[in-house]
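Worksheet for the structure shown next.
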Amino acid sequence: MAFTTRPHITESFDDLFSWLEDEHLLSDHQRYNLDEEQRNSDLPFDIPKIIAKGQHKQAIKRKTRAEKNAIKQRQPNPNEVSGDKLSAAQKDPQSAVREISWEAIPADALAFYRSFHSSPKDEWGIYLLADEILRYHDYLFHCSRHHLLWEYDTLLHLMIFEIFNHEFFHHLVESTATYLEISAAAFGKPYPIYGDYKHRQHIKGIDHPHHPLEEALANAYAYNALSFISRTKAGFKTATIKTYQEVIKKHWPNHPKGYCEAGHYINGKHVQGGAALLEQILGLEGAANSIPLATLSKHVMPNGYSALFAKPDIPTYLTGSRFAIEMIEDIVPALNETYTQLFWPKDTSSIDSQIEQQTLKNHLKNMRL
Ligand SMILES: [Zn+2]
């Protein structure tokens with residue numbers, strides 16, 4: 001038989017999903033919109049939350065350039081934050097947030113990732129829980145408003161970026177497991193790698209000091225994604241992000257098991273964490289010591305470029321009461337752009353130049369000393 005020029009199975013998600021189905025690599029269970037009495041039933045893996053009856057589900061769509069411009073126009077300039085505070089915070093974010101203290105809630109209490117290995121496939125994606133997010137946002141704003149670092153709407157933008165990116169890491173893990181399932185099948189050994197890994201993660205437990213490691217890495221991924229966004233010059237965005245990162249890092253120790261270990265996987269250490277996670281996905285304890293899984297982790301998966309669906313394209317929903325959904329859409333008018341690029345619905349140029357001048361002044365002062 002000759003090698004194929006054009007494979008019958010294409011790269012489309014539909015083809016992938018049918019293949020996973022044919023190979024019995026999916027987990028069947030009831031749909032999300034379950035009746036009240038079914039809600040407490042034991043379901044297979046990876047179904048952390050169920051959308052209760054009467055809750056709304058709103059798909060989040062990308063905005064056009066014209067819509068984004070219109071959003072920027074209608075928002076006033078930031079006026080509740082202090083330019084002086086922000087420029088000081090940019091220099092020393094740790095001191096700026098020293099007095100901020102709050103009860104920390106992990107991202108998975110505010111959102112969840114529904115895997116596509118759990119059919120039906122039209123329900124997979126990221127679900128942001130509107131009521132829970134709003135309640136937590138109110139509380140965080142109350143705890144931090146006197147520090148004049150984040151405005152009411154800015155804080156919600158930061159939270160949504162962080163929560164989404166945490167959940168997106170779960171998609172990276174599922175994508176990784178799927179590529180390994182394809183590879184295993186290519187060697188004649190189709191195997192439910194994702195299902196098996198989730199079963200070990202949730203039911204049997206995995207012997208790792210940071211178990212569940214996936215949660216530590218998901219927290220770290222969200223933190224690292226913020227660093228990536230703030231790598232540009234001094235200004236409102238950088239100062240805002242740096243202080244927010246400091247405050248989330250400070251509160252990680254109060255998170256549940258696994259989640260609280262995120263600090264081990266920031267500043268480039270996520271590569272080693274990814275190698276350890278690959279061991280767990282493959283079910284090969286200690287394998288990263290004899291097989292260069294760290295090379296896979298750095299260059300192939302799970303990293304930000306290996307997702308089956310890129311951030312703007314992954315199906316994402318706001319769910320909850322109509323009131324909460326509308327309120328979030330009002331405060332964060334470009335949701336997709338916010339969780340992918342931290343789009344600000346405001347013109348920050350005047351505060352940017354204020355911070356820039358202050359930074360320059362500090363720099364000159366240090367030179368004179
Ligand atoms: Zn999580």
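Both ligands and their constituent atoms are indexed starting at 1 by order of listing.
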### Message
Quick check on F323: does its CZ atom have over 12 non-hydrogen neighbours (other residues, nucleotides or ligands) under 6.0 Å away?
### Response
no
### Query
Within less than 2.8 Å of the Zn ion (ligand 1), how many protein N/O/S atoms are there?
5
### Query
Does the side chain of H157 come within less than 4.5 Å of T240's, by heavy atoms?
no
### Message
Tell me whether D131 is salt-bridged to R135, with the criterion being a basic N under 4.0 Å from an acidic carboxylate O.
### Response
no
### Query
Could you give all pairs that pass the side-chain hydrogen bond (donor to acceptor under 3.5 Å, both in side chains) test and reach residues 61-71, with sequence neighbours left out?
R62-D313, T64-E67
### Aromatic ring proximity H171/Y113, centre distance under 6.0 Å
yes
### Task
In sequence, state the C-alpha distance, the side-chain angles, and the governing distance for K198 and E214, and then conclude on salt bridge (charged side-chain N to carboxylate O under 4.0 Å, His left out).
CA-CA 10 Å; K198 283 290 156 186; E214 185 175 332; 3.0 Å; yes
